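Written below as structure tokens is the structure these notes are about.
Keep in mind that this is a model prediction, so the values were computed, not measured.
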Amino acid sequence: MHVLVLGGTTEARRLAGSLAEALPAGARVTSSLAGRVARPKLPPGEVRVGGFGGADGLAEWLRTHRVDALIDATHPFAGTISFHAASAAAAAHVPLLALRRPGWVPVDGDRWHPVGSLDEAAAALPALGRRVFLTTGRMGLAAFAGLDSLWFLMRSVDAPDGPHPARMEVLLDRGPFTLDGERELIRRHRVDVLVTKDSGGDATAPKLAAAREAGIPVVVVRRPPVPEGVPVVGTPEHAVEWLAGLPL
């Protein structure tokens, strides 16, 4: 048996470890990373880095490497690869599962402003605040480049390049983050609005609690949909169960 995990997330690394223990001797688990992070945390087992060349390239890789099951455990906002995976799995007749951590849910005291894209987030900001804590990653900063009247604290794992806001301070850091640390960032930088993607999970959730305590609004970019017809589970454990139930 050969399982290909499209990874790069905490859940994908946990899944690779679980599969290494659960699968019979001789089975292979290959984790594929996009290569966008300079020093990624590597999962157990075989690892490949880089793209496949679109859906057709992925389908050919599945055939050539005799992949028996494909698990899309990419970031909830890595939408393109998910649709490529659906097309490739159908073409190569390989079972496909999407592993997606559950999204965040607002609670009493939250001042969330859901939007559908980074462009919509940028359009909403001038009415909400002047000092922005931007936690959407280094990709897509061009959406905020024209907001010259606002100041941004931009946090990401790697340094950004390309168009970005003129008044921006960069904080290079990797989660998990703590509630005390997020409180201090908001206080020290006088943040009055937070921008985040609905990534879900615990590693970056403390910023939401800190924003709630501070009473500041949060612009939340909604997730793109999973391709139609692809089954979805929320935990690596459920992904292992799905794999065990396949007629391979």
Given side chains that start at C-beta, do those of [X] and [Y] come closer than 4.5 Å, heavy atoms only?
X	Y	answer
V226	D72	no
R101	S199	yes
R222	D198	no
P206	T178	no
T196	F133	no

From [X] [atom1] over to [Y] [atom2], what is the distance, rounded to the nearest 0.5 angstrom?
X	Y	atom1	atom2	value
T74	L33	OG1	CG	11.5 Å
H113	L194	NE2	CG	11.0 Å
L172	R174	CG	CZ	11.0 Å
L134	L171	CG	CG	11.5 Å
I216	D110	CD1	CG	11.0 Å
R28	E46	CZ	CD	4.0 Å

(request) Tell me yes or no: between the side chains of T204 and R155, is some donor less than 3.5 Å from an acceptor? (result) no
(request) Measure from the side-chain N and O atoms of R131 to the backbone N and O of L150, and report whether any donor-acceptor pair falls under 3.5 Å. (result)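 Not confirmed, R131 side chain does not pair with L150 backbone.
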(request) Apply side-chain contact (heavy atoms from CB on, under 4.5 Å) to F77 and R223, showing your working. (result) CA-CA 6 Å; F77 283 84; R223 296 179 176 193; 3.9 Å; yes
(message) Does the plane of the ring in W61 sit parallel, tilted or perpendicular to the ring in H65? Use 30° and 60° as the thresholds.
(response) parallel
Out of curiosity, does [Y] fall in the hydrophobic cluster containing [X] (side-chain heavy atoms, cut-off under 4.5 Å, transitive links)?
X	Y	value
L153	I186	yes
V132	F144	yes
V230	I81	yes
W242	V29	yes
V170	V157	no

(request) Show your working on side-chain contact (heavy atoms from CB on, under 4.5 Å) between E60 and F52 and close with a plain yes or no. (result) CA-CA 9 Å; E60 182 61 27; F52 291 94; over 6 Å; no
(request) Tell me, with the steps shown, if V233 and E241 meet side-chain contact (heavy atoms from CB on, under 4.5 Å). (result) CA-CA 10 Å; V233 297; E241 292 176 4; over 6 Å; no
(message) Please check if the number of heavy atoms outside R66 that lie under 6.0 Å from its CZ is greater than 12.
(response) no
(message) Please determine whether a side-chain nitrogen of the Lys or Arg among E11 and R100 lies less than 4.0 Å from a carboxylate oxygen of the Asp or Glu.
(response) no
(request) Measure across S149 and R167 and return the closest heavy-atom pair with its distance rounded to 0.1 Å. (result) O-NH1, 3.1 Å
(request) I would like to know whether V218 and L208 meet side-chain contact (heavy atoms from CB on, under 4.5 Å); could you show each step before the answer? (result) CA-CA 8 Å; V218 180; L208 300 174; 4.1 Å; yes
(request) Scan T30, L23, D68, L15 and name whichever one has a side chain to side chain contact (heavy atoms under 4.5 Å, CB included) with V3. (result)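 Checked T30, L23, D68, L15 against V3; only one passes side chain to side chain contact (heavy atoms under 4.5 Å, CB included): L23.
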